[in-house]
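Here is the structure we will look at, set down as structure tokens.
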Protein chains: 2
Amino acid sequence: MPKDRSPTRIQKRNRANILEAALEVFSQNGFRGATVDQVATAAGLSKPNLLYYFPSKEAIFTALLSELLDTWLDPLREIDPTGDPMEEILAYVQRKLQMSQDMPRESRLFANEIVQGAPRMIDTLSTDLRALVDDTETVFLGWMDAGRIARVHPRHLLFSIWSLTQHYADFEVQVRTLMTPEDPFDGAAVFLETLYRRMLAPQS
Amino acid sequence: MPKDRSPTRIQKRNRANILEAALEVFSQNGFRGATVDQVATAAGLSKPNLLYYFPSKEAIFTALLSELLDTWLDPLREIDPTGDPMEEILAYVQRKLQMSQDMPRESRLFANEIVQGAPRMIDTLSTDLRALVDDTETVFLGWMDAGRIARVHPRHLLFSIWSLTQHYADFEVQVRTLMTPEDPFDGAAVFLETLYRRMLAPQS
DNA sequence: CCGACATTTGACCAACTGGTCAAACTCACG
DNA sequence: CGTGAGTTTGACCAGTTGGTCAAATGTCGG
């Protein structure tokens with residue numbers, strides 16, 4: 001394992017290559033389904049060489065998870081409590097959908113982990129994510145109290161956005177199989193905008 | 001492997017035990033994450049004994065998948081094209097939600113498989129499921145043409161139902177972590193009814 | 001209670017996998 | 001250049017895993 005001085009040129013390059021390779025391999029096969037050798041090969045390294053940079057398979061995986069989680073939650077943090085409620089939510093939906101399209105591997109990595117009980121994420125979920133969700137709930141409730149969007153259960157609203165947008169990445173094989181030759185993402189953008197406009201339109 | 005005469009009492013019992021055990025184990029750990037020994041133990045058998053009933057791990061898994069797929073798609077087949085459109089769709093949503101609550105292992109089994117590219121289901125998806133989805137699309141389009149529900153993309157409508165309902169099973173850990181002490185399924189039933197009522201209400 | 005067939009098991013194997021280690025090699029820098 | 005730290009590798013190991021097999025045991029109709 002490299003000393004923890006300032007990383008050399010080679011260290012930076014290899015660490016980046018490894019994490020990119022790990023994303024590719026882990027998102028396709030899950031943690032147990034992937035082998036260290038696969039990651040090493042995908043990163044252009046030998047197995048012992050890979051293990052010179054990370055002490056274990058587990059370490060690669062957790063490093064990957066924690067590096068990606070921030071990026072993954074960015075769209076949520078971008079919601080502006082002072083903006084127009086409907087437009088803020090619609091914009092959030094589109095950002096999430098765009099992420100599913102551009103970063104399907106990241107989406108599947110998390111999906112894989114959570115479906116299997118999120119053994120390595122449960123702590124983060126119940127602290128950091130929980131706090132972020134609490135904040136968002138407050139914002140949503142404020143908007144509903146002001147009558148600017150319809151009153152629905154704020155957490156289920158948030159879950160519905162995650163569910164609907166990530167579905168197009170996580171279940172891409174199924175979606176594509178059942179939609180060919182049409183492109184799923186084009187229709188999804190329109191569909192989701194309609195859905196949330198109608199559900200959240202202030203009730204007269 | 002037992003001869004393919006009519007199965008004996010013991011064969012029936014053991015096959016059933018094995019498939020139940022396989023559902024438990026595979027849905028928790030995925031195909032590669034599960035071991036034959038785990039399945040055998042969960043079924044109350046020794047490993048060689050298990051392999052007397054199924055020729056391989058792969059065979060157990062595919063047997064399980066094909067046995068469950070029918071059950072899994074039953075709620076879709078129950079949609080009555082001659083019924084009231086809004087009520088039919090709402091009832092379908094509630095059936096699917098109920099299945100997520102009662103059969104989360106089945107949901108996760110499929111989720112696991114599809115997230116990883118559905119290598120063992122792609123054929124079924126592109127033939128049987130495709131046909132069923134085509135039929136459903138026709139029914140939805142008929143209802144929309146008659147002006148009885150709002151016009152939206154019928155396939156995305158179907159995907160949205162799958163996505164929203166199965167989310168509560170597949171991502172249960174996350175949902176529960178972020179909702180405790182509230183029970184997710186109670187709120188979900190209300191939320192989803194509201195959502196689809198508003199989205200599908202005929203536009204004046 | 002016998003014989004044939006069904007079921008179960010312990011011992012075993014080969015392939016795979018995560019990880020180690022000492023030796024070899026490469027690179028930056030004086 | 002040369003030297004010491006950083007990097008890479010081949011050989012190796014122990015544990016796990018899917019699967020086999022012959023022998024032992026159980027079951028059931030006659």
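Below, chains carry the letters A, B, ... as their sequence lines are ordered, and counting in each starts from 1.
Between the side chains of B:Arg130 and A:Thr180, at least one donor N or O lies within less than 3.5 Å of an accepting N or O. In this model, a donor atom of one side chain and an acceptor atom of the other lie less than 3.5 Å apart for B:Thr82 and B:Asp80. Between the side chains of B:Glu24 and B:Gln28, at least one donor-acceptor pair of N or O atoms lies under 3.5 Å. Donor-acceptor pairing under 3.5 Å is lacking for the side chains of A:His153 and A:Glu137. B:Ser163 and A:Ser163 form a side-chain donor-acceptor contact under 3.5 Å, judged by distance and modelled atom types alone.
Rounded to whole angstrom, the span from the NZ atom of A:Lys47 across to the P atom of C:dT17 amounts to 9 Å. Here the C1' atom of nucleotide D:dG18 and the CD atom of B:Gln38 are 13 Å apart, to the nearest Å. Between A:Lys12 atom NZ and D:dG6 atom C1' the separation is 15 Å, expressed in whole Å. Atom CG of A:Leu45 is separated from atom P of D:dG6 by 18 Å (rounded to the nearest Å). The distance between atom CD1 of A:Ile18 and atom P of C:dG18, rounded to the nearest whole Å, is 15 Å. Here the C1' atom of nucleotide C:dT9 and the CG atom of B:Leu50 are 13 Å apart, to the nearest Å. In this structure, CZ of A:Arg32 is placed 11 Å from C1' of C:dG18, rounded to the nearest angstrom.
Distance from the side chain of B:Leu51 is smallest to D:dG19 among C:dT20, C:dT17, D:dG19. Taking only side-chain atoms of B:Tyr52, from C-beta outward, the nucleotide of C:dT7, C:dG10, D:dG19 with the closest atom is C:dT7. Between C:dG18, C:dT9, D:dT9, one nucleotide has an atom nearer to the side chain of B:Pro48 than all others, and that is C:dT9.
At D:dG18, none of the side-chain N or O atoms of B:Ser56 fall inside 4.0 Å of OP1 or OP2 (strictly under the cut-off). Put simply, A:Ser46 has no side-chain N or O that comes within less than 4.0 Å of OP1 or OP2 on D:dT8. In this model, the phosphate group of C:dT7 is approached by a side-chain N or O of B:Gln11 to a distance below 4.0 Å at OP1 or OP2. Regarding contacts with the backbone of D:dT8, a side-chain N or O of A:Asn14 is found under 4.0 angstrom from either OP1 or OP2. Regarding contacts with the backbone of D:dC28, a side-chain N or O of B:Arg9 is found under 4.0 angstrom from either OP1 or OP2. Close to C:dT7, at under 4.0 Å from its OP1 or OP2, lies no side-chain N or O of B:Asn49. Between A:Tyr53 and D:dT8 there is a side-chain polar atom (N or O) within less than 4.0 angstrom of OP1 or OP2. When the side-chain nitrogen and oxygen atoms of B:Arg15 are compared with OP1 and OP2 of C:dT7, none of them lie within a distance under 4.0 Å.
At the heavy-atom level, A:Arg13 lies nowhere under 4.0 Å from the strands shown. The residue B:Ala59 sits apart from the nucleic acid: no heavy atom pair falls under 4.0 Å. Contacts of B:Ala40 with the nucleic acid, taken as non-hydrogen atoms under 4.0 Å apart, are absent.
For A:Arg198 and B:Tyr196, the positive end is not near the middle of the six-membered ring at less than 6.0 Å and at most 45° from its axis.
In terms of polar N and O atoms assigned as donor or acceptor, the side chain of A:Lys57 never comes within less than 3.5 Å of the base of C:dG19 in a complementary pairing.
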